[in-house]
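Notes for the one structure printed next.
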Protein chains: 2
Amino acid sequence: MSDTGVAAWAALLRVHAALVPQLDRELQAACGLPLTWYDVLLELNSAPGRRLSMGELGAVAVVSRSRVSRVVDQLAADGLVTREANPDDRRSAYATITEAGRARLRAAAPVYLGGIERHFTAQLTAAEAFSVATALGKVLAALDRS
Amino acid sequence: MSDTGVAAWAALLRVHAALVPQLDRELQAACGLPLTWYDVLLELNSAPGRRLSMGELGAVAVVSRSRVSRVVDQLAADGLVTREANPDDRRSAYATITEAGRARLRAAAPVYLGGIERHFTAQLTAAEAFSVATALGKVLAALDRS
DNA sequence: CATGAGAATGTGCGTGCGCACGCATTCAAG
DNA sequence: CTTGAATGCGTGCGCACGCACATTCTCATG
C-alpha cells in the first residue's frame, strides 16, 4: 500500500528537520562554516576546472539559483572563491574555488562526514543504506525528468 | 563502506530540497493551505481530545516550538483552531482543532497524499518504501534517545 | 546592420524561521 | 509562608531564503 510510502515520506521530513540543524551547528562550531557554504564549496571543488557558472551552481547545489549569488559574494569576501568573468559570454560569471577554499573544505570534511556517520549511518545496516540511496536516487531521477 | 551512507544522506537532502517546495505550492494552490498549517492540523486532529499544548505540539510537529505559537495564532485567526487555557496549569495554553479545521484538513489530505504518491511513492517498489521507512525510523529513534 | 526574443545574472522586497530573552506560573526546599 | 529554581509560553530581533523584476548580453531572423 502507499501507506508505507507516506510513512517513508513523513520519516524523511522528520529526519531532515532534526538532523540538518544539528549538523549545521556542529560544523559551524568546529569550523565556522555554514552548511550552505560547505555545499557550494563541495560542488565547486568537484567541478571540472574547479569552477562553475552561477546557473550551473544553482542547478547542482541544494540552494536556489538566486541565493547562490549572495553566497558566492560572502565566500569571495572570505577569500574562499574568486569571481571571474567568462570572456566567451559576458553575461555569465564564474565562481572558482581558491586554495584557501580547498583548505577550509578539507578541514571541514571530516567534521561533516563524522556527524553524518554518528547521527545517520551508524543506525543503518549496509543494506539499508544502499536501499535508501537507490530508492531516493530513483525519486531524484524522476524529478529531473520533469 | 560509509560511502553509500553519505550518498543516502545526500540523496535525502536533494529530495527534500526539490519536493517540499513542490508539494507546498501544490497544496497552497489547491487549498490555500501552507504545508506548515497542514502539519499542525494533522497532529492536532490525531491527538487525544483533538488538542495539544504548545510544548507538545512543538515536540511532535516538524516546526520549532517558538514557531508553533505564531502558526497557532494564524490558524486561530482563520477559525481553524481555538486557543484554550489549561485550568490546571495556567502557564500552558491548549490549541484545539475546530470543526472547520477538520473540514479543511479533510479537503487538503487527498491533495497532499496525491502529491506524495505522484512524486515520491510512485518511483518506489513496496519493498523500497518499507525499507526507507524502517531505516529512517531507526535514525529517528536514535535521535529521540539523545 | 537592425531588432526583437531569450538567456544569465544581480538585487529589492516580503516572508518564514529560530534564538534569546522576559514574563507569568508552578514546584521544591527551607 | 518565603523564596529561589525550574517550567511553559509569547515576542523582539536578526538571518536565510526565494520571487519577481531590472539589467546586460547573446543570438537568430529579417
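Note on naming: letters A, B, ... go to the chains in the order of the sequence lines (proteins, then strands), and numbering restarts at 1 for each one.
No donor-acceptor distance shorter than 3.5 angstrom exists from the side chain of A:D39 to the backbone of A:A61, with no hydrogens or angles considered.
A donor and an acceptor atom sit less than 3.5 Å apart, one in the side chain of B:R70 and one in the base of C:dG18.
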Protein heavy-atom contacts under 4.0 Å, written 5' to 3' over nucleotides 1-7 of chain C as B (base), S (sugar-phosphate only) or - (none), form the string -----BB
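Looking at residues 14-33 of chain B, you'll see B:R25 sit with a heavy atom under 4.0 Å from some atom of DNA chain D.
Rounded to an integer number of Å, the gap from B:R67 CZ to D:dA16 C1' is 13 Å. As rounded to whole Å, 11 Å separates atom C1' of C:dC21 from atom CZ of B:R65. Note: CG (A:D88) to C1' (D:dC27) measures 14 Å, nearest angstrom.
The side chain of A:R83 contributes an N or O atom lying less than 4.0 Å from OP1 or OP2 of C:dG10. Neither OP1 nor OP2 of D:dC21 sits under 4.0 Å from any side-chain N or O of A:S66. At the phosphate of C:dA8, neither OP1 nor OP2 sits under 4.0 Å from any side-chain N or O atom of A:S92. Residue B:S53 places none of its side-chain N or O atoms closer than 4.0 Å to OP1 or OP2 of D:dG8.
The nucleotide whose nearest atom lies closest to any side-chain atom of A:S69 is, among C:dG10, D:dC17, D:dA16, C:dG10.
With B:T96 as reference, B:E84 is the one residue of B:R50, B:R83, B:E84 to meet the side chain to side chain donor-acceptor pair (under 3.5 Å) rule.
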